[in-house]
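What follows is one structure encoded as structure tokens, with my remarks underneath.
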Amino acid sequence: MKPNKQVTKALAEQSKKKVPANVVLKTYKRILGYVKRHWVFFIIGIIGTILSAGIDAGLTWSLKPLLDKGFIDHNQQFISLLPFMVLAAFFLRGFASFLSGFFIQSVGRNVVMQLRKEIFDKLLLLPSRYYDKSTTGEILSKLIYNVDQVSAASASSLIMVVRESFFIIGLLIVMFSISWRLSSLFFLVAPFIAITASYSSSKMRRYGRRLQNGMGDLTQIAEEAISGYKVIRTFGGGEYERDKFYSLVKHNRRREMQLIATNQLASPIVQLIVSVIIAITIYMSITSVGTITAGGFASILAAMLAIIKPLKNITNVNNVIQRGVVGAEGIFELLDKPEEIDQGKHTIDRVKGLVEYRQVNFAYDEKEKTVLHDINLLVEPRQTVAIVGKSGGGKTTLVSLLPRFYDNYQGEILIDSVNVKDFTLENLRHQFALVSQHVTLFNDTVAKNIAYGKATDVSLAEITAAAKTAHALEFIKDLPDGFDTIIGEGGVLLSGGQRQRLALARAVLKNAPILILDEATSALDSESELYIQDAMQRLMKDRTTLVIAHRLSTIENADKIIVVEQGRIVEVGTHKELLKLGKHYAKLYHMQFKEKNFLKPEDIQATPAYET
Ligand code: ADP
Ligand code: MG
């Protein structure tokens with residue numbers, strides 16, 4: 001199947017799910033809950049809005065005295081007051097519309113800020129599982145795109161709804177005060193207008209939701225194309241990415257056009273309906289002269305013409321509100337996701353570092369295969385345990401249970417004989433320093449990256465000492481601004497080895513009692529590996545260390561080596577013991593030893609025992 005078809009199909013499936021009316025109502029109520037917090041501003045804004053709508057309706061009505069008293073009767077007193085009345089009316093109108101625009105928009109921006117804060121807070125508390133399953137694009141588009149939709153629905157559209165409905169009410173009062181007979185014609189067609197509006201709004205909502213889903217995918221593909229530009233170019237993936245992106249953009253444009261078409265069709269239909277009454281009014285007023293003055297006629301006609309625009313706007317505003325509701329659904333869905341379970345009470349300043357796995361079985365999801373089988377492991381305080389095995393065996397999974405990145409496992413994991421689930425999450429994670437293969441660096445200075453997560457009161461001397469231990473000082477000194485050098489997004493301005501050394505320095509500074517090194521030396525040249533090995537040795541001293549090693553030469557001195565294969569611990573022992581045993585570990589070891597000494601084809605044949 002071609003990629004664009006795949007994307008389109010997935011999108012179509014996404015947008016099929018229909019949200020029932022009561023959910024829409026609930027969502028809207030929840031949006032209003034955010035608005036309610038700023039009720040003072042909100043009320044000022046609403047008063048301004050109503051005032052400005054009333055003034056506009058009053059101006060239509062003023063045509064009647066203007067014509068009857070001014071042009072026809074030449075009432076001197078009225079004429080001399082007229083300029084002042086015009087000035088006063090427009091001054092008031094300007095003031096009212098400022099109140100309306102300023103205060104309601106301010107409520108809208110506050111809602112945006114609040115939602116962004118809540119989303120971000122939530123992101124800090126969501127379990128690893130959520131991140132495994134969602135794309136960055138999805139999350140980012142909620143934070144950026146959906147939030148603005150909600151603001152539009154809660155602020156600008158609200159101004160419009162209030163303004164236009166009061167304007168309509170005002171105009172109706174004007175109309176009825178002049179001639180109730182002509183005006184009641186209006187009510188004959190009102191149902192048709194309502195039907196058109198509600199039909200178009202339900203369509204609008206559906207298209208809006210599709211559009212929104214599309215935005216998430218769009219962001220995702222763009223994000224991948226940006227962060228993965230090197231892979232894309234070297235592997236010639238440009239065409240593929242372009243296809244994906246173009247088909248999405250095309251898809252989005254189609255959705256947008258559907259939205260626009262529905263929108264644009266709805267207003268002329270409404271106008272057409274209204275034009276029918278206007279035609280009748282003109283005819284009736286002229287044929288039954290005497291019941292209505294010239295000014296009254298001008299006024300009622302002006303009101304009827306004026307009422308079209310707010311009616312049209314109100315049908316339009318639905319579109320904005322619908323989009324807002326859809327946007328809010330996405331946000332609330334995220335905000336309602338369960339957070340990491342944090343019910344433990346136990347805290348301790350510094351654990352001794354006794355780590356125990358008791359009969360642990362784990363699958364990432366109920367439906368997925370079991371990744372860890374019957375894991376039993378005991379690590380004494382200050383011991384170093386190396387975990388080795390083929391990739392995909394479950395090594396990373398095994399260590400990631402310890403800081404409770406996942407906690408839906410069976411069995412027990414204990415630190416200092418306390419179940420990890422009994423610790424508070426914060427205190428538990430306080431006990432670990434984690435260095436993994438994928439070093440996370442922030443677009444900040446070298447010093448801030450090393451001192452990451454520490455309170456600001458870390459001295460430069462401490463940072464320097466940590467950098468020295470991790471053999472990072474050598475290259476930091478050569479950076480243009482030393483410790484104050486900004487290292488770019490993800491540390492792109494540094495080499496792999498340098499990044500890894502910064503990560504180690506961060507771990508040194510944290511000085512946690514338990515250290516987890518997950519392939520911290522993979523993919524490094526031998527020189528930096530030498531440095532890092534030395535750094536690691538220093539780091540491992542005096543703390544419990546779980547080290548997952550790709551290169552077995554780095555772990556020969558470990559107190560205990562465990563071999564994990566297909567989620568099971570198949571061997572435990574020291575380097576010497578396991579070599580003597582001549583099974584899994586020995587095979588792995590000899591394999592690598594040969595690799596190092598330039599593997600020849602006949603060597604592969606000579607070690608048939610190692611199957612891949
Ligand atoms: P190792 O670190 O030994 O290479 P992992 O622990 O990363 O192995 O992976 C063990 C198994 O768990 C693999 O089959 C892998 O596909 C699966 N796995 C790893 N991470 C996840 C995840 N986040 N969600 C689902 N399955 C995963
Ligand atoms: Mg791994």
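Source: prediction; values computed, not measured. Note that ligands are numbered from 1 as they come in the structure, with each ligand's atoms numbered from 1 the same way.
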Residue [X] vicinity, atoms of ligand 1 by number, heavy atom under 4.0 Å:
X      : answer
Ser391 : 4 (O)
Gly393 : 1 (P), 3 (O), 8 (O)
Glu368 : 25 (C), 26 (N)
Lys369 : 14 (O)

Does the protein put a heavy atom less than 4.0 Å from atom 4 (O) of ligand 1? yes
Heavy-atom protein contact below 4.0 Å for atom 15 (C) of ligand 1: no
Okay, side chain of [X], backbone of [Y]: is any donor-acceptor separation there less than 3.5 Å?
X      : Y      : answer
Asp416 : Val418 : no
Gln383 : Glu380 : yes
Tyr357 : Leu398 : yes
Arg429 : Arg404 : yes
Gln498 : Ser495 : yes
Tyr585 : Gly573 : no

Note the single closest protein heavy atom to [atom], along with its residue, its atom name and the distance in Å.
atom                    : result
atom 2 (O) of ligand 1  : Thr396 OG1, 2.6 Å
atom 12 (O) of ligand 1 : Val371 CG1, 3.4 Å
atom 8 (O) of ligand 1  : Gly394 N, 3.2 Å
atom 13 (C) of ligand 1 : Gly392 O, 3.7 Å
atom 27 (C) of ligand 1 : Tyr364 CE1, 3.1 Å
atom 6 (O) of ligand 1  : Thr397 OG1, 2.4 Å

Just heavy atoms, cut-off under 4.0 Å: does [X] contact ligand 1 by side chain, backbone, both, or neither?
X      : answer
Tyr406 : side chain
Arg129 : side chain
Asp132 : side chain

Identify the residue among Val385, Val572, Leu578 that makes a side-chain contact (heavy atoms from CB on, under 4.5 Å) with Ile561. Leu578
Do Thr440 and Tyr452 pair up side chain to side chain, a donor and an acceptor below 3.5 Å, judged on atom types alone? no
Side-chain donor-acceptor contact under 3.5 Å, Asp484 with Thr445: no
Quick check: does Thr397 put an N/O/S atom under 2.8 Å from the Mg ion (ligand 2)? no
On the 0 to 90° scale, with breaks at 30° and 60°, tag the Phe332-Tyr34 ring pair as parallel, tilted or perpendicular. parallel
